[in-house]
Protein chains: 2
Amino acid sequence: MKIDPDNPAGLSVQIAEAIKEAIITGDLIVDERLPSESELADQFKVSRPTVREALKRLAAQSLIRTQRGATGGAFVNRLSFQDAYSQQITTSTLLLSMNAVSFDTACEARYALERACAPLSAQRRTPDQLATMRAEVFRQSQPGLTDEAFCDSDVAFHRALVDGAHNPVLSYQLAGAVEAMQPLMNMITFTARSREAITTLHSRIADALEEANGDAAVAGLKDLEAETRKLASDVFAARGTRSG
Amino acid sequence: MKIDPDNPAGLSVQIAEAIKEAIITGDLIVDERLPSESELADQFKVSRPTVREALKRLAAQSLIRTQRGATGGAFVNRLSFQDAYSQQITTSTLLLSMNAVSFDTACEARYALERACAPLSAQRRTPDQLATMRAEVFRQSQPGLTDEAFCDSDVAFHRALVDGAHNPVLSYQLAGAVEAMQPLMNMITFTARSREAITTLHSRIADALEEANGDAAVAGLKDLEAETRKLASDVFAARGTRSG
DNA sequence: CAGATTTCATTTGTCAGACATTTGAGGCTG
DNA sequence: CAGCCTCAAATGTCTGACAAATGAAATCTG
């Protein structure tokens, strides 16, 4: 772990990188305690605040956790799927909102990824997950639902579909894609008729998964993608030029 | 932006969350300059080092960038796809290495996601991307290649396939899945015969993309997945029980 | 001697003030 | 007008200090 005081990147950045590297390479293993801030400051020949800034960087990425008290200190954190989810969702949301990603592009990506899950989900979905989807379909058919509630239900439906694949890596990867779409979806006001079309397609997809028919589920998702994109293009067209 | 001094989470965490929220909701827009550290310290009624720790947390997530000098300060950063890539790769790599994700699970996820790209890539891949794939196939067929170089070439091949879909959101999502697999792939020593099988399948997939035949590309990827998993199970079986 | 209580050392969290370094802006000079 | 210089503003870093949390050891009590 060598630190160059003249490196323009900054001392705390270098220290953070060094520790991060040690974690990735396995030099520091999960739940291992790092030296105390004072000891690290001595080792790296810097002051304690500088070390602290480095540790904060790592804590922001859930790479370490800190604990106060006599036996406290910084510990290498086991990155949970839950932590990874939330990081991914934040990153994806910002990426989409800051880079003027078109609705079509995001939509295409989302449904392409979901179609990847569908065959697995058709084989493995639990009765519980199927029930969740049915319940969300029912909720979506209720009149008087706000747009926001409809979108929430939509996310819950798709989440159950993805989780049905029983592959945590897939679920993790898709969490970002599905959730990050929500702000874009919320820009759309759904008419009663368009809601009905979507709900019907959801129902069809649930049927396909119940019958363990992966191909039918994929086909249903394709139709749903087409419907969603058509709906969005209508909305954006009606609003005039501000579709960016 | 209210800060509770008694909140056990810590002041710097609360400040970081408050600013992050302001960025996500759009109260702070891209390239907008935040107040100086001293001003923030006054606003939040905390000391400057505390503000700094909060800013470092945000910088670690590429949410802000800092610049020294007279016109310097902290600016809201436009999260680039490049930044998002590297964050995703780090997160995915750690997630896989720290949670004992089985090779099968990771492999299944990776190929499921790639198959989602294949039909799009078949329609849109540029001649350049096709040439990259051909070049990597050629490189893989060279004798005397180290295992590591073979894996690198494998990643490059699949990267070209994914980028061929010309959907930056898909590329971003898959970067993590493909790259995070590399450490697991590197655990495998490839025999000459298994390399040949993989290279042949790569060639077949490139053919399918050249002919704009998405179905054939998907079929090729399915065979490749089967081959990879068979290969891995053989390797792990040969090594005895330590296949976790 | 066993268990409960108190004290204490360790470590992180926060603060205050200071100096070093970078860097653009404005003024000065030729 | 162009080039150089000075200066102010802001971040980066350091020193030293105190507060708060917390587990462990020492002490007290039955």
Side-chain angles (χ1 to χ4, degrees), chain A residues 1-20 22-23 28 31-77, chain B residues 1-20 22-23 28 31-77:
Chain A
M1 295 194 191
K2 284 289 171 61
I3 301 298
D4 173 17
D6 295 331
N7 190 313
L11 295 173
S12 68
V13 176
Q14 291 179 63
I15 294 170
E17 284 299 317
I19 297 175
K20 184 173 173 180
I23 293 174
L28 294 169
D31 291 335
E32 182 171 343
R33 185 180 172 284
L34 273 66
S36 74
E37 295 177 354
S38 310
E39 287 172 314
L40 285 173
D42 288 344
Q43 278 183 33
F44 287 117
K45 303 270 173 55
V46 297
S47 70
R48 205 181 133 218
T50 303
V51 167
R52 278 184 66 76
E53 286 188 4
L55 294 179
K56 291 308 147 195
R57 296 186 109 95
L58 299 174
Q61 298 175 286
S62 303
L63 282 164
I64 60 170
R65 62 178 185 280
T66 56
Q67 194 182 335
R68 280 165 68 160
T71 58
F75 297 83
V76 178
N77 200 24
Chain B
M1 293 194 191
K2 284 292 170 57
I3 302 298
D4 173 16
D6 295 332
N7 190 313
L11 296 175
S12 68
V13 176
Q14 290 178 65
I15 295 170
E17 284 299 317
I19 297 175
K20 183 172 171 180
I23 293 175
L28 294 170
D31 292 333
E32 185 171 340
R33 184 180 173 283
L34 273 67
S36 74
E37 295 177 354
S38 310
E39 287 172 317
L40 285 172
D42 288 343
Q43 278 183 33
F44 288 116
K45 303 270 173 54
V46 297
S47 70
R48 206 182 133 217
T50 304
V51 168
R52 279 184 65 77
E53 286 188 3
L55 293 179
K56 291 308 147 198
R57 297 185 108 95
L58 300 174
Q61 298 174 287
S62 304
L63 283 166
I64 61 169
R65 63 177 185 279
T66 57
Q67 192 182 334
R68 281 166 69 161
T71 60
F75 298 83
V76 178
N77 198 24

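Below, read A as the first sequence line, B as the second, and so on, with proteins coming before strands; counting in each chain starts at 1.
Residues from residues 57-69 of chain B with heavy atoms under 4.0 angstrom of DNA chain C, sorted by number: B:Arg68, B:Gly69.
For the side-chain hydrogen bond (donor to acceptor under 3.5 Å, both in side chains) test, no residue two or more places apart in sequence or in another chain qualifies with A:Gln67.
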Could you go step by step and tell me if A:Leu55 and A:Thr66 meet the side-chain contact (heavy atoms from CB on, under 4.5 Å) rule? CA-CA 9 Å; A:Leu55 294 179; A:Thr66 56; 5.5 Å; no

Pairs under 3.5 Å (N/O, protein and nucleotides 15-19 of chain C):
from, atom 1, to, atom 2, distance (Å)
C:dC15, OP2, B:Ser47, N, 3.0
C:dC15, OP2, B:Ser47, OG, 3.2
C:dC15, OP2, B:Thr50, OG1, 2.5
C:dA18, N6, B:Arg48, NH1, 3.4

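Separating the CD atom of A:Glu53 from the P atom of C:dT12 is a distance of 16 Å, rounded to the nearest angstrom. Distance B:Phe75 CZ to D:dA9 P: 16 Å, rounded to the nearest Å. Rounded to whole angstrom, the span from the CD atom of A:Glu37 across to the P atom of D:dA20 amounts to 18 Å. At whole-Å resolution of the value, CG in B:Leu34 and P in D:dT11 are 10 Å apart.
Nearer the 5' end of DNA chain D, as judged by each residue's closest nucleotide, is the contact made by B:Arg52, out of A:Ala70 and B:Arg52.
In plain terms, the two heavy atoms of A:Ala74 and A:Ile64 that are nearest each other are CB-CD1, 4.2 Å. Taking all atoms of both residues into account, the shortest heavy-atom contact from A:Ala60 to B:Arg57 is CB-O, 3.5 Å.
Although no hydrogens or angles enter the test, the distance criterion places a donor-acceptor pair under 3.5 Å between the side chain of B:Arg33 and the main chain of B:Gly72. Remark: the backbone N or O of A:Ala59 is not paired with any side-chain donor or acceptor of A:Arg65 at under 3.5 angstrom.
Minimum atom distance to the side chain of A:Thr71 is reached by D:dA24, of the listed D:dT11, D:dA24, C:dT14.
For the pair A:Leu58 and A:Asn77, the minimum side-chain heavy-atom distance is 4.5 Å or more. Side-chain contact between B:Glu53 and B:Lys56: absent, with no pair of heavy atoms (C-beta onward) separated by less than 4.5 Å.
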